[in-house]
Asker: 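First, the structure itself, so that you have it in front of you.
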Amino acid sequence: MYLVNCMVHIRRHFEQALDENSQMAEHALKEIQHLYRIEHMCDDAEMSFDERKSKRLELSKPIMDAMKVWMETEGVKYSESSQIGKAITYAYTRWDNMMRYLEDGRLLLDNNLAENEIRPITLGRKNYLFCGNHEAAGNMAVICSLLATCREHDVNPRLYLNSIIADMPYQTKAAHERLVELLPHRWKLRHPEAIICKKQQ
């Protein structure tokens, strides 16, 4: 397991520096835009994870490498107290982590999908203070994660939870491999009747 940072957060700092230093900020934003265009091209071509990795190494890696050199040579000219200095410092200290996405086609350039999934939880944060205790809060987090996974994999959450809750008493000593089979994306393979088609949605 390793940490991968989010390009959206990096880009946001350069956007905030546009008024202060448009030339530097626009250069960074233009290069980041190229990275996203490559991702969109991979999406449009419906590339496999291995194909996406290969295309990233071919097209995205030179951009990422050049950006790192640019930050090392040009970035040192600006004070960290300036907006552009803050943007470059923020990006540079996360750049090696960011480059890890090049090595795995399953990884995304940003974490927008994850943030969209947790937004309802964030919006309801005050309500969750009244879960009762830490164990209840942990259980609710598990349920919310399962519901979000059901939505992502077009699984009817009511049918899924009814099935899993009924089955769990018999899985107290189940092996890890067996528990993985109970996750929504694996469970639906044995329960096609629970798959929600797009028309139903």
Side-chain angles (χ1 to χ4, degrees), residues 1-12 35-36 38-56 60 94 97-201:
M1 182 180 296
Y2 42 76
L3 174 65
V4 181
N5 284 100
C6 173
M7 189 60 78
V8 165
H9 289 87
I10 291 174
R11 182 176 62 190
R12 188 174 300 146
L35 295 174
Y36 275 98
I38 294 167
E39 292 303 303
H40 293 322
M41 179 187 68
C42 294
D43 291 338
D44 293 341
E46 298 182 350
M47 291 184 180
S48 67
F49 295 139
D50 288 339
E51 290 171 335
R52 185 182 292 264
K53 174 185 173 181
S54 177
K55 188 59 66 175
R56 285 173 175 173
S60 302
R94 291 160 176 79
N97 289 342
M98 195 67 251
M99 291 186 72
R100 289 173 176 156
Y101 94 101
L102 299 169
E103 302 293 335
D104 191 335
R106 296 171 299 175
L107 300 176
L108 302 178
L109 191 53
D110 57 55
N111 63 357
N112 278 352
L113 287 177
E115 291 197 0
N116 288 339
E117 290 298 333
I118 67 172
R119 185 166 289 112
I121 297 175
T122 303
L123 293 175
R125 186 178 291 146
K126 288 184 178 179
N127 294 330
Y128 304 147
L129 293 174
F130 303 99
C131 285
N133 55 54
H134 290 296
E135 183 179 0
N139 291 339
M140 189 196 68
V142 171
I143 295 297
C144 287
S145 296
L146 288 173
L147 291 175
T149 305
C150 283
R151 184 171 68 249
E152 184 67 23
H153 291 279
D154 301 322
V155 174
N156 184 311
R158 180 185 295 275
L159 294 179
Y160 172 75
L161 288 178
N162 284 343
S163 172
I164 293 301
I165 291 172
D167 196 31
M168 284 310 295
Y170 306 102
Q171 307 296 335
T172 55
K173 297 182 180 180
H176 172 77
E177 292 76 12
R178 169 57 185 159
L179 294 177
V180 169
E181 292 299 318
L182 299 179
L183 293 174
H185 68 292
R186 302 291 286 272
W187 176 88
K188 76 174 184 179
L189 299 178
R190 301 187 304 278
H191 299 274
E193 73 282 358
I195 298 176
I196 303 174
C197 69
K198 299 302 180 182
K199 287 185 179 180
Q200 286 177 307
Q201 289 178 314

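The basis for the numbers below is simple: all heavy atoms, side chains too, and nothing from hydrogens, waters or symmetry mates.
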Asker: Which ring pair (Phe, Tyr, Trp, His ring centres under 6.0 Å) pairs, counting each pair once, include a residue from residues 131-150, with sequence neighbours left out?
Answerer: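 Qualifying pairs: none.
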Asker: Given 3.5 Å as the limit, does a donor-acceptor pair link the side chain of Glu39 with the main chain of Tyr36, or not?
Answerer: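 Checked: no pair found.
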Asker: What verdict does the side chain to side chain contact (heavy atoms under 4.5 Å, CB included) test give for Asn111 and Val8, after you've listed the backbone C-alpha separation in whole Å, the side-chain angles of each residue and the deciding distance to 0.1 Å?
Answerer: CA-CA 8 Å; Asn111 63 357; Val8 165; 5.7 Å; no
Asker: According to the salt bridge (charged side-chain N to carboxylate O under 4.0 Å, His left out) rule, which pairs have a member within residues 40-49, sequence neighbours left out?
Answerer: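 Listed once each, the pairs are Asp43-Arg52.
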Asker: Could you tell me which residues satisfy side-chain contact (heavy atoms from CB on, under 4.5 Å) with Glu135, sequence neighbours excluded, listed by chain and number?
Answerer: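 For Glu135, the residues satisfying side-chain contact (heavy atoms from CB on, under 4.5 Å) (neighbours in sequence not counted) are Asn133, Asn139.
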Asker: Indicate yes or no for a side-chain donor-acceptor contact from Arg151 to the backbone of Leu146 under 3.5 Å, with no hydrogens or angles considered.
Answerer: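 No; zero donor-acceptor contacts below 3.5 Å.
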Asker: Evaluate the side-chain proximity of Ile196 to Asn156: yes if any heavy-atom separation is below 4.5 Å, no if none is.
Answerer: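 They are in side-chain contact.
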Asker: When you measure from the side chain of Ser163 to the backbone N and O of Leu159, does any donor-acceptor pair fall under 3.5 Å?
Answerer: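 Not at all, since once roles are kept as given, no pair shorter than 3.5 Å links the two residues.
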Asker: Are Asp50 and Arg106 close enough for a salt bridge, meaning some N to O gap below 4.0 Å?
Answerer: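 Salt bridge absent between Asp50 and Arg106.
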Asker: Is it true that Glu103 and Arg56 have a side-chain N and a carboxylate O under 4.0 angstrom from each other?
Answerer: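 So Glu103 does not pair with Arg56 through a salt bridge.
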Asker: Do Tyr101 and Asn5 have a side chain donor and acceptor closer than 3.5 Å?
Answerer: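 No, no side-chain donor-acceptor pair sits under 3.5 Å.
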Asker: Run the side chain to side chain contact (heavy atoms under 4.5 Å, CB included) check on Leu189 and Glu181 step by step: do they pass?
Answerer: CA-CA 9 Å; Leu189 299 178; Glu181 292 299 318; over 6 Å; no
Asker: Just how far is it from atom CD1 of Ile143 to atom CD1 of Ile164, taken to the nearest 0.5 Å?
Answerer: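 Reported to 0.5 Å precision, the distance equals 10.5 Å.
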Asker: Would you say Leu183 and Trp187 make side-chain contact, with heavy atoms under 4.5 Å?
Answerer: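 No - every pair of side-chain heavy atoms lies 4.5 Å or more apart.
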Asker: Please report the closest heavy-atom contact between Arg100 and Val4, naming both atoms and the distance.
Answerer: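 Scanning both residues, the minimum pair turns out to be CB-CG2, 4.1 Å.
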Asker: Let's go through Arg12 and Asp110 carefully: what are the C-alpha distance in whole Å and the side-chain angles of both, what is the deciding distance for salt bridge (Lys or Arg N to Asp or Glu O under 4.0 Å) to 0.1 Å, and is it a yes or a no?
Answerer: CA-CA 12 Å; Arg12 188 174 300 146; Asp110 57 55; over 6 Å; no
Asker: Restricting to non-hydrogen atoms, name the atom on Leu109 and the atom on Met98 that form the minimum distance, rounded to 0.1 Å.
Answerer: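 Looks like O-CE, 3.2 Å.
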Asker: Quick one: are Glu51 and Ser54 in side-chain contact, heavy atoms under 4.5 Å?
Answerer: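 No, every pair of side-chain atoms sits at 4.5 Å or beyond.
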Asker: Sequence neighbours excluded, which residues qualify as side chain to side chain donor-acceptor pair (under 3.5 Å) partners of Lys55?
Answerer: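 Per chain and number, Lys55 pairs via side chain to side chain donor-acceptor pair (under 3.5 Å) with Glu58.
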Asker: With sequence neighbours left out, write down each residue that passes side-chain contact (heavy atoms from CB on, under 4.5 Å) with His153, or none if nothing qualifies.
Answerer: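 Counting only residues at least two positions away or on another chain, His153 forms a side-chain contact (heavy atoms from CB on, under 4.5 Å) with Thr149, Val155, His185, Lys188.
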Asker: One pair to check against side chain to side chain contact (heavy atoms under 4.5 Å, CB included): Lys53 and Asp104. What are the steps and the verdict?
Answerer: CA-CA 6 Å; Lys53 174 185 173 181; Asp104 191 335; over 6 Å; no
Asker: Would you please name every residue forming a salt bridge (charged side-chain N to carboxylate O under 4.0 Å, His left out) with Arg158, sequence neighbours left out?
Answerer: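 None.
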Asker: Could you give me the CA-CA distance, side-chain angles and deciding distance for Leu35 and Met7, then say whether side chain to side chain contact (heavy atoms under 4.5 Å, CB included) is met?
Answerer: CA-CA 10 Å; Leu35 295 174; Met7 189 60 78; 3.8 Å; yes
Asker: Compare every heavy atom of Pro169 with every heavy atom of Ile165, then report the nearest pair and how far apart it is.
Answerer: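 In terms of heavy atoms, the two residues are closest at O-CD, 3.3 Å.
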